[in-house]
Amino acid sequence: MSNEFSDVPDHTRRIILKGAAGLAAFGFTAGALTSAHATADAKAWPADAFKQKSEADALKALYGKSAEASDKVNLDAPEIAENGAVVPIAVATTMPGVTGIAIMVLENPYTLAAAYKIPEGTEASVACRLKMAKTSKVVAIVEAGGKLFSATKEVKVTVGGCGG
Amino acid sequence: MLRKTLIAVAILAGAAQPLLAADKASDPKADFKAFREYFTKRFPKVALDDFVNGPYSMDAGLRKQWEAIDAFPPYDFVVDKGKQMFAAPFKNGKTYGDCFPNKGVGIRQDYPQFDAKSGQVITLDVALNNCREANGEKPFDYNKDDMAALTAYMAFTSRGKPMNITIPKDPRALAAYKKGEEYFYTRRGQLNFSCASCHVQNPGNHIRTEVLAPALGIMNAMPIYRSTWGGMGTVSRRLRTCNSQVGAEPLPAESDEYRNVEYYLSYMANGLPISGPGTRP
Amino acid sequence: MASTIRVRAIASGDTTQVQSLINHPMDSGFVKDSKGQIIPPHHIEVVEFEHAGKVVFTCLWGPAVSKDPYVKFSFKGGKKGDDIKVSWVDNKGQSDSTVAKIQ
Amino acid sequence: MRTRTIIRLAMVVSVAGFAGAAVAATADDFKVAYAKAEAAEKGAAAVKNRWIATEAALKKAKAEADAGKFDDAVKLAQHAEALANASTAQAREQEKLWPDAVIR
């Protein structure tokens, strides 16, 4: 089973070792700037889907259909967010033929938080960090074989991530 | 009527007074032993070196989120900025490295220090500003991002190195230590809290929405990137926030009281690894 | 100018795990500044990861993605020494890109 | 215990501060009340224990006086004075009490 966090057996040791390793990593991206020319395609952004205020509307705008709950969708989210500004969320599935993953936060001003396109050869697993305005259900959507599957988990937020 | 109550309180306070501060001779070594025993006995499951991870040493749910975030922490950019700032020469061609032993790399664990010349405690932040001024540069604001970035980088180069605070045989050094201890245990603000109320008596417990960090090793994680701030903050910024949270007007950054309490707490953490820059909710 | 993009790509067997952190405010448009003025939305919309001329992962992000966003995914086919190209574009049309080596 | 008394005291003060005062207060009344509050707060500053609430009450008192609302201004100044005195009493008390809290 893939778990975003299980590959960290001994944190104390790791954090100490990281001092040296992290330093070595400094700037290794800097020199590469000149050879980079590819630019992300702004037209790929589904503006309409990101404006929706319900799960159903967002799904319709993004995929044009609705989702069914599935225990094969693995949503890893904290029970209580340490801070709504940075909530680590991971979604993974063992289903075949996955083409997309989306994450929704139902109580946020806009429901859809992030969507990912998964081409063939890329694993159906993603981890990211999201903002949550308040306690909310988080819904993970997996698009596989032309169908949508979902998993839901409530995340309690005591310190909201929308500032103020 | 009111005034009478006030007087009554004052008399009450003055009368029942079993212990006097003066009765207790300052013995940092004995304090150190008692302090350490208190935390290790109260939290037998927390590894000694783990106390430096603050609330994450106390709460499994928080820890998991921290580990996920710390795997590629948002403060990476701040540390990088600090590194560049640290290497950039002043107008006179010298650098921060010229002000410190070992060119300033891997030395954070030696601060704060007692400075015999000024008779005061010098924190890393103060040492950095002293360095700037000695080289004809304006000092940084102790509460702001530039100082946070510089100290974050310096802490980063000291990751894992044991805190190494000395109290030289100088009555002024001992007095500074003692003043720091006093500040730590003195209740203040409208809420009538001391630093110890939260960080000795209630580590691991929630206060409003936060899980309180243990006092042991609390300075080892400084400076800290707080999600609440959305950025890296200095020791000064954190201490001033602590004051505000108990309804006390914060003191000026790096005032005697703050430097002394940092001295006291850092001495208590001797031997524990530097974990800064830390992340906190 | 330092790159806004950090990449850690590590090959293990036939799978490459990619982690990336991007320096970006990701202003949601719901937060006020110290003067009480709404900070207008400013967030990354699209991030693309390319390997060997093929897009291996695309992020479509709204304003709810955290400041200095992070993402982790894995793909098959990469090997040590290969280039990974990362590029992003935000709602103001700003963009950045970088190339990193798979470790 | 004793430390709690101070907190309770501060609460009592805030209630008492807003009660009473049948006769309308004047600008001079405010000046007197404000001067007393400021003096009390100076005492708190001398023992490095100003409270945020005191500063806020002082500020608000001044604003009310500037707006010509002397009744409220006087009450707020008295409130600030009581808070300042309570914070000073807290600091004096703690000068003696803090060693009791030290881990031994």
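These figures come from a predicted structure and were not determined experimentally. Letters go in sequence order (proteins before strands), and every chain restarts at 1.
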Crowding at [atom1], [X] (>12 non-hydrogen neighbours, <6.0 Å):
{"X": "A/Lys147", "atom1": "NZ", "answer": "no"}
{"X": "A/Lys65", "atom1": "NZ", "answer": "yes"}
{"X": "C/Lys79", "atom1": "NZ", "answer": "no"}
{"X": "A/Glu120", "atom1": "CD", "answer": "no"}
{"X": "A/Phe149", "atom1": "CZ", "answer": "yes"}

**Test item: C/Val71 and A/Val126 side chains (from C-beta on) under 4.5 Å apart, heavy atoms** =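 Touching, per the 4.5 Å side-chain cut-off.
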
**Asked** Between C/Ser66, C/Gly36, C/Ala64, C/Gly62, which shows the greatest number of heavy-atom pairs under 4.5 Å with chain A?
**Response**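 Option with the top pair count is C/Ser66.
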
**Partner chain A: residue of C/Lys54, C/Gln19, C/Lys67, C/Glu45 with the largest heavy-atom pair count (under 4.5 Å)** =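 Winner by heavy-atom pair count: C/Glu45.
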
**Item:** Region of A/Val105 in contact with chain C, defined by heavy-atom distances below 4.5 Å
**Value:**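 Neither part; nothing is under 4.5 Å.
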
**Message:** Under 4.5 Å from any heavy atom of chain C, what part of A/Leu130 do you find: side chain, backbone, both or neither?
**Reply:**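 Its backbone and side chain both get close to chain C.
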
Is it the side chain or the backbone of [X] that comes within 4.5 Å of chain A heavy atoms, both, or neither?
{"X": "C/Thr15", "result": "side chain"}
{"X": "C/Trp61", "result": "both"}
{"X": "C/Ser95", "result": "side chain"}
{"X": "C/Ile38", "result": "neither"}

**Request:** Name the member of A/Ala49, A/Pro119, A/Pro46 that forms the most heavy-atom pairs with chain C at distances under 4.5 Å.
**Result:**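 The answer is A/Pro119.
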
**Request:** Taking A/Lys117 for its side chain and C/Val55 for its backbone only, find out whether a donor-acceptor pair lies under 3.5 Å.
**Result:**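 Checked: no pair found.
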
**Item:** C/Leu21 and A/Arg129: CA distance, side-chain angles, deciding distance, side-chain contact (heavy atoms from CB on, under 4.5 Å) verdict
**Value:** CA-CA 10 Å; C/Leu21 191 73; A/Arg129 299 167 190 162; 3.7 Å; yes

**Message:** For a side-chain contact (heavy atoms from CB on, under 4.5 Å) check, start with the C-alpha distance between C/Thr58 and A/Tyr116, then their side-chain angles and the critical distance, and finish with the verdict.
**Reply:** CA-CA 6 Å; C/Thr58 306; A/Tyr116 299 94; over 6 Å; no

**Prompt:** Parallel, tilted or perpendicular: which fits the ring planes of C/His43 and A/Trp45, with parallel below 30° and perpendicular above 60°?
**Reply:**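 If you compare the ring of C/His43 with that of A/Trp45, the planes turn out tilted.
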
Could you measure the distance from the [atom1] atom of [X] to the [atom2] atom of [Y]? Nearest 0.5 Å is fine.
{"X": "A/Thr122", "Y": "C/His51", "atom1": "OG1", "atom2": "NE2", "result": "10.5 Å"}
{"X": "A/Glu123", "Y": "C/Lys72", "atom1": "CD", "atom2": "NZ", "result": "10.5 Å"}
{"X": "C/Phe30", "Y": "A/Asn108", "atom1": "CZ", "atom2": "CG", "result": "8.5 Å"}

**Asked** Should C/Leu60 and A/Phe50 be marked as a side-chain contact (heavy atoms from CB on, under 4.5 Å) after you check the CA-CA gap, both sets of side-chain angles, and the distance that decides it?
**Response** CA-CA 9 Å; C/Leu60 305 168; A/Phe50 278 103; 4.2 Å; yes

